[in-house]
J.: 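Mind having a look at this structure? Questions to follow.
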Amino acid sequence: MRRIRAAAAGAVTISLLTAATACGGGSSNGGSNDSPKTLTYWASNQGASIEIDKQVLQPELDKFEKQSGIKVKVEVVPWSDLLNRILTATTSGQGPDVLNIGNTWSASLQATGALLPWDAKNFAKIGGRDRFVDSALGSTGAEGKDPAAVPLYSMAYALYYNKKSFADAGIAKPPATWDELVADGKKLSKGGKWGLGAEGSNVSENIHHVFVFAKQHGADFFTADGKADFTNDGVVAAVQQYVGLMAKDKIIAPGNAEYAQNQSVSDFAKGKNAMLLWQSASANLKSQGMSEDAYGIAPVPVQSGTPGTGANVNSMVAGINLAVFKNSKNLDGAAKFVKFMTSDAEQKILNTAYSSIPPVKTAQGDAAFNTPSNAVLKETLSTSAAALPQVADESQFETAVGTAVKELFAAAAAGHPVTTDSVKAELEKAQQQMPKK
């Protein structure tokens with residue numbers, strides 16, 4: 001049944017996006033200012049729980065209402081539901097006024113025609129395009145087109161490691177290569193504890209990691225002309241290496257194959273896992289009672305050498321964007337809200353709350369974001385992170401390949417070997433789900 005549900009979910013996502021692209025996303029009615037006193041906002045789940053997100057956001061929304069007279073009705077949407085919720089809204093035209101999107105979805109959602117383009121006129125309403133850092137703007141839509149969204153939070157992956165667990169195991173420093181991580185992970189996987197945590201049922205997390213592994217293997221998931229190429233040798237090796245951390249190396253607990261809701265972060269905070277690969281995790285860990293003194297932060301390992309350009313990419317350019325539905329009934333209010341959320345003051349408040357990096361230049365330069373914990377993230381974003389493909393088929397790619405990795409984790413948890421052939425077979429299924437070019 002689990003396999004059937006996963007395949008069905010992928011099919012729903014892909015069919016919805018195909019329909020949305022064909023019909024222009026239900027946005028043909030256009031927007032207006034017929035409801036100037038209210039806005040609806042779908043926020044992504046950034047904190048340890050939806051309740052924590054509400055605690056972070058509501059005071060800021062109240063502040064906006066006091067300043068503008070516009071009441072914002074917020075819904076925090078879990079990541080497991082967000083993409084399908086958005087795609088349903090693009091086909092029906094019944095979406096929120098403003099929403100968060102994962103920056104990797106920007107080009108796909110742009111292709112539906114449902115989102116407001118951020119041309120020069122619209123950027124002028126929020127202070128101009130040049131307020132934002134280039135790396136964040138690079139994940140806002142297809143190259144050569146007006147962005148479909150505005151950067152809100154910037155993030156990068158890092159390796160979080162438990163200092164006491166490392167000391168107890170006689171490990172003097174965090175691993176810089178995957179061979180070192182596996183060796184350390186085996187020393188740490190004992191007594192009911194494990195070397196590394198993972199979210200094996202989280203489609204987006206799966207994609208983020210195998211994308212980085214593929215880059216390190218010199219491979220891409222798409223050809224230069226935009227065709228899906230999921231079964232090339234580099235991609236197969238990348239997926240096998242990642243899932244092999246559970247299947248072959250035995251440093252990830254089999255139960256992690258079912259994780260999809262930040263359980264690996266909770267396990268790390270509780271000392272059940274000694275290492276964690278995560279985006280900007282400090283605030284999440286703090287909310288779960290883990291002191292910043294208890295862990296260290298290091299760059300994600302590479303195959304050999306040190307993180308840098310080319311094959312030593314060690315993170316995707318992670319982040320959250322703000323988008324506006326074109327058929328909003330409060331377009332002016334939506335622009336005011338985007339301006340508020342990307343103001344220097346709010347950027348400092350929100351990115352501090354989520355331990356992310358402001359994509360607004362002036363806010364990023366604030367002393368609050370020049371801490372040792374942020375140094376690794378900022379260095380990664382500036383020197384060794386790569387953007388996921390900004391192509392119209394990107395969200396189908398995430399669903400199809402992310403689900404294939406999920407199935408491979410399930411096989412590993414059940415004790416089945418994860419071989420080159422089994423990886424290639426799952427990736428072939430994923431490729432068959434992609435639109436034909």
Side-chain angles (χ1 to χ4, degrees), residues 9-22 25 44 79-80 82-91 99-115 117-118 135-151 154-155 157 202-215 219-232 235 238-239 279 313 315-323 385-406 427 430-437:
V12 168
T13 300
I14 291 168
S15 62
L16 281 170
L17 185 59
T18 302
T21 304
S44 53
W79 279 104
S80 56
L82 186 58
L83 182 57
N84 274 343
R85 288 279 301 275
I86 294 170
L87 293 173
T88 300
T90 65
T91 57
L99 68 157
N100 286 167
I101 64 173
N103 64 358
T104 65
W105 304 338
S106 295
S108 293
L109 296 176
Q110 181 182 52
T112 70
L115 301 183
W118 286 88
S135 62
L137 287 171
S139 293
T140 54
E143 187 176 353
K145 295 185 178 181
D146 290 324
V150 172
S154 289
M155 296 173 240
Y157 277 86
N202 186 316
V203 169
S204 294
E205 280 292 304
N206 288 342
I207 279 295
H208 297 167
H209 292 301
V210 298
F211 170 78
V212 169
F213 273 98
K215 284 292 186 184
D220 287 299
F221 285 88
F222 291 88
T223 62
D225 58 355
K227 294 180 180 177
D229 185 23
F230 301 165
T231 59
N232 67 72
V235 165
V239 172
Q279 304 176 42
V313 165
S315 178
M316 43 83 71
V317 177
I320 306 301
N321 293 342
L322 265 180
L388 264 75
Q390 290 292 304
V391 296
D393 296 338
E394 202 284 332
S395 64
Q396 296 105 307
F397 151 64
E398 285 200 23
T399 300
V401 175
T403 300
V405 177
K406 175 180 175 179
L427 291 171
Q431 185 155 318
Q432 289 169 6
Q433 297 177 46
M434 298 295 291
K436 304 301 180 185
K437 295 292 185 180

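Just so it is clear, the values below take in all heavy atoms, side chains as well, and ignore hydrogens, waters and symmetry mates. Here the structure is a predicted model, which is why all the values come from computation and not from measurement.
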J.: Which pair of heavy atoms, one from Lys215 and one from Ala386, lies closest together, and at what distance?
T.: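 For Lys215 versus Ala386, the nearest heavy atoms are CE-CB, 4.4 Å.
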J.: Do Asp229 and Asp220 make a side-chain contact, defined as non-hydrogen atoms from C-beta onward lying under 4.5 Å apart?
T.: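 SC-SC contact between Asp229 and Asp220 ruled out.
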J.: Tell me the closest heavy-atom pair linking Ala107 and Ala142, and the distance in Å.
T.: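 Nearest pair, atom of Ala107 first, then Ala142: CB-N, 3.9 Å.
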J.: Please report the closest heavy-atom contact between Pro389 and Phe222, naming both atoms and the distance.
T.: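 That would be CG-CD1, 3.8 Å.
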J.: Any heavy-atom pair between the side chains of Ile101 and Ile320 that's under 4.5 Å?
T.: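 Side-chain contact under 4.5 Å: no.
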J.: Given side chain to side chain contact (heavy atoms under 4.5 Å, CB included), test Glu398 with Trp105 step by step and report yes or no.
T.: CA-CA 9 Å; Glu398 285 200 23; Trp105 304 338; 3.2 Å; yes
J.: Would you find a donor on one side and an acceptor on the other, under 3.5 Å apart, between the side chain of Gln110 and the backbone of Asp146?
T.: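 Judged by distance alone, yes, a pair lies under 3.5 Å.
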J.: What residues form a side-chain hydrogen bond (donor to acceptor under 3.5 Å, both in side chains) with Asn103, not counting sequence neighbours?
T.: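 Here no residue qualifies.
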J.: Run through Leu83, Asn84, Ile207 and flag the one making a side-chain contact (heavy atoms from CB on, under 4.5 Å) with Thr399.
T.: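 Answer to the side-chain contact (heavy atoms from CB on, under 4.5 Å) test with Thr399 among Leu83, Asn84, Ile207: Leu83.
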J.: Hey, what do you get for CG (Asn206) to NZ (Lys406), rounding to the nearest 0.5 Å?
T.: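 Here the interatomic distance stands at 9.0 Å.
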J.: Looking only at non-hydrogen atoms, find the nearest pair between Val401 and Phe221 and report the distance.
T.: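 For Val401 versus Phe221, the nearest heavy atoms are CG1-CE2, 3.9 Å.
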J.: Treating Ser139 as the side-chain partner and Ala136 as the backbone partner, does any N or O pair qualify as donor plus acceptor under 3.5 Å?
T.: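 Not confirmed, Ser139 side chain does not pair with Ala136 backbone.
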J.: Below 4.5 Å, heavy atoms only, C-beta onward: do Asp393 and Pro435 meet side chain to side chain?
T.: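 Sidechains of Pro435 and Asp393: in contact.
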J.: Going through the distances and angles, do Val150 and Asn321 end up as a side chain to side chain contact (heavy atoms under 4.5 Å, CB included)?
T.: CA-CA 5 Å; Val150 172; Asn321 293 342; over 6 Å; no
J.: Can you confirm whether Ser108 sits close enough to Gln396 that some side-chain heavy atom of one is under 4.5 Å from a side-chain heavy atom of the other?
T.: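 Yes, at least one pair of side-chain atoms sits under 4.5 Å.
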J.: Rounded to the nearest 0.5 Å, how far does OG of Ser315 lie from CD of Gln279?
T.: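 The OG atom of Ser315 is 7.0 Å from CD of Gln279, to the nearest 0.5 Å.
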J.: State, to 0.1 Å, how close Met316 and Val212 come at their nearest heavy-atom pair, and which atoms those are.
T.: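 Smallest interatomic distance, heavy atoms only, reads N-CG2, 3.6 Å.
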J.: Determine whether the side chains of Trp79 and Glu205 contain a donor N or O and an acceptor N or O closer than 3.5 Å.
T.: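 Result is no, nothing qualifies.
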J.: Is the ring pair Phe230/Phe397 parallel, tilted or perpendicular, if the boundaries are 30 and 60 degrees?
T.: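 The arrangement is tilted - the two ring planes meet at 30° to 60°.
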J.: Could you tell me if the side chain of Leu82 sits less than 4.5 Å from the side chain of Leu99, heavy atoms only?
T.: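 Result no, sub-4.5 Å side-chain heavy-atom pair not found.
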J.: Which heavy-atom pair separates Ala238 from Val210 by the least distance, and what is that distance?
T.: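 Closest pair (atom of Ala238, atom of Val210, distance): CB-O, 4.1 Å.
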J.: What's the separation between atom OG1 in Thr231 and atom CD in Gln431, rounded to the nearest 0.5 Å?
T.: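 So the gap between those two atoms works out to 5.0 Å.
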